[in-house]
Amino acid sequence: MSDIAPDYRDYRAQDEASLPDYLGRLPAIAARLGGRAADWAVREVGDGNLNLVFIVEGPAGGVAVKQALPYVRLVGESWPLPLSRAHYEHLALVEQARHVPDLVPAVLHYEPGQAFIVLELLQPHIIMRRGMIQAIRYPRFADDIARFMAETLFRTSDLCLPAAEKKARIAAFCGNTALCKITEDLIFTEPYMVAPNNRWTSPELDGIAAEFRADAELKLAVSRLKLKFLAAPEAMLHGDLHTGSVMATPEQTKVIDPEFAFYGPMGFDIGAVLANLLLNYFSQDGHATPEAPRADYQDWVLATTVEVWQKFAAHFLSLWRSHATGDAYPAPLFEDASSQMRLEEERASHLRRLFRDALGFAAAKMIRRILGLAHNIDLEWIEDQKRRALCETRALRLARELMVHAADYPTIETVTDAARAMQRQSFQGLG
Ligand code: SR1
Ligand code: MG
């Protein structure tokens, strides 16, 4: 593994006109598309915050091309961002494919100097967040995302890897500092201070935003989480594991976009999934109509939230029992029956700590999507501003509670019960 990012001297941002020529020079890609480059249909479809994404279709098939831009797309050229994020994304995709090849898109080609990756075209998958806004159910999701997290987190941790190998992998991702800095600022810092990037539903949320900025307990809790994010390289993280980083059909789940990958605390990825399910849960009230109520769908979202954690914990524990080949908890120390029993208790208590971390990170991710720069369309697409503010207030109130009192929520069911109770709350002037 190398941490040396490519040379970008010949980089040029592609557009719909230039891309076919470029791809035409790649024999395997040209064969996959079929016909002549001039006949390929190219659409730029990127709707994320950072990159260009093209869908290219020819007579024989299609591909997706993701290219990094030298700046943050959401903001523009005033916010430069290194092209090297494509290098880290590629490294992460390759690593993930070793453990869960069926849950990530196949990499068909990587062009280091152009910061682009050609990927299998996922059809008829859609971004799961968009599907959830339409109340589409994803019966495979809990199983799949639980396996994705358990496999990628366990197998890149000290529970599975020898120390020297683990350190080499940490080093390989060390240079992804600009992407980590986005997380450090936008998730753990700015929502709790006056910052030009922040925005929220105003004036309805002005009061709660000010309250959070003055809330010492909350700021200490989020700072503890930030320290963990900065200083706990437990495993290779996806780094941005929200429902916009999942392409799904009811039958299949694919995790995309690991450009924020680095070695960090496991709870960060798990918390991202829990947070985005909870945010969607609270947003449903804003999408419901008398003709199409969403209560049943909300039940599905919370049942899925419970399953995600439970299936993750079961899969992670089973890997730990069967594949503990790392330098942590050395096997010779735990050969006798009594030590083995204690080790099993230790595993359970480790999972309890991990759950607590995950709740804190989930809370931080809920708050940043409502008070920080980058919001979720689950909530943003609620047109009635007062209704949106009500959904957001419920999410913020639950998040504050989870972040400050994580220890009071020992099981995932206590969290979903609290979400249900919060969903019944009304707040003066909202709704
Ligand atoms: C400036 S980038 C904002 C957000 O977009 C990505 O999806 C990450 O979540 C990042 O924090
Ligand atoms: Mg992304």
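Just so you know, residue 1 is the first one in the sequence shown, and it goes up from there. Both counts, for ligands and for their atoms, begin at 1 and track the order of listing.
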Geometry only, no angles: is R368 polar-contacting ligand 1 at N/O separations under 3.5 Å?
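Yes, at least one N or O pair falls under 3.5 Å.
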Return the closest protein heavy atom for atom 1 (C) of ligand 1 as residue, atom name and distance.
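The answer is V72 CG1, 3.6 Å.
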At what distance is the nearest protein heavy atom to atom 5 (O) of ligand 1, and which residue and atom is it?
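Here the closest protein heavy atom is N49 ND2, 2.7 Å.
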Is any side-chain N of the basic residue among [X] and [Y] closer than 4.0 Å to the acidic one's carboxylate O?
X: E204; Y: R388; answer: no
X: D47; Y: R130; answer: yes
X: E95; Y: R98; answer: yes

Answer side chain, backbone, both or neither: which part of V75 comes under 4.0 Å from ligand 1, heavy atoms only.
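None of V75 does.
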Where's the contact between I187 and ligand 1, heavy-atom distance under 4.0 Å: side chain, backbone, both or neither?
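No part of I187 comes within reach of ligand 1.
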State the atoms of ligand 1, each with its element, that fall below the 4.0 Å cut-off from a heavy-atom position in [X].
X: H242; answer: 7 (O)
X: L50; answer: 2 (S)
X: R369; answer: 9 (O)
X: D240; answer: 6 (C), 7 (O), 8 (C), 9 (O)
X: A374; answer: 3 (C), 4 (C)

What's the separation between atom CD1 in I182 and atom CG in D240, rounded to the nearest 0.5 Å?
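The CD1 atom of I182 sits 9.5 Å away from the CG atom of D240.
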Can you tell me how far CG of L91 sits from OG of S84, rounded to the nearest 0.5 angstrom?
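Rounded to the nearest 0.5 Å, the OG-CG separation comes to 10.5 Å.
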Under 3.5 Å, is there a donor on one side chain and an acceptor on the other for R85 and N51?
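N51 and R85 do have a side-chain donor-acceptor pair below 3.5 Å.
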With heavy-atom distances below 4.5 Å as the criterion, would you say the side chains of F312 and F148 are in contact?
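In short, these two side chains do not touch, never coming nearer than 4.5 Å.
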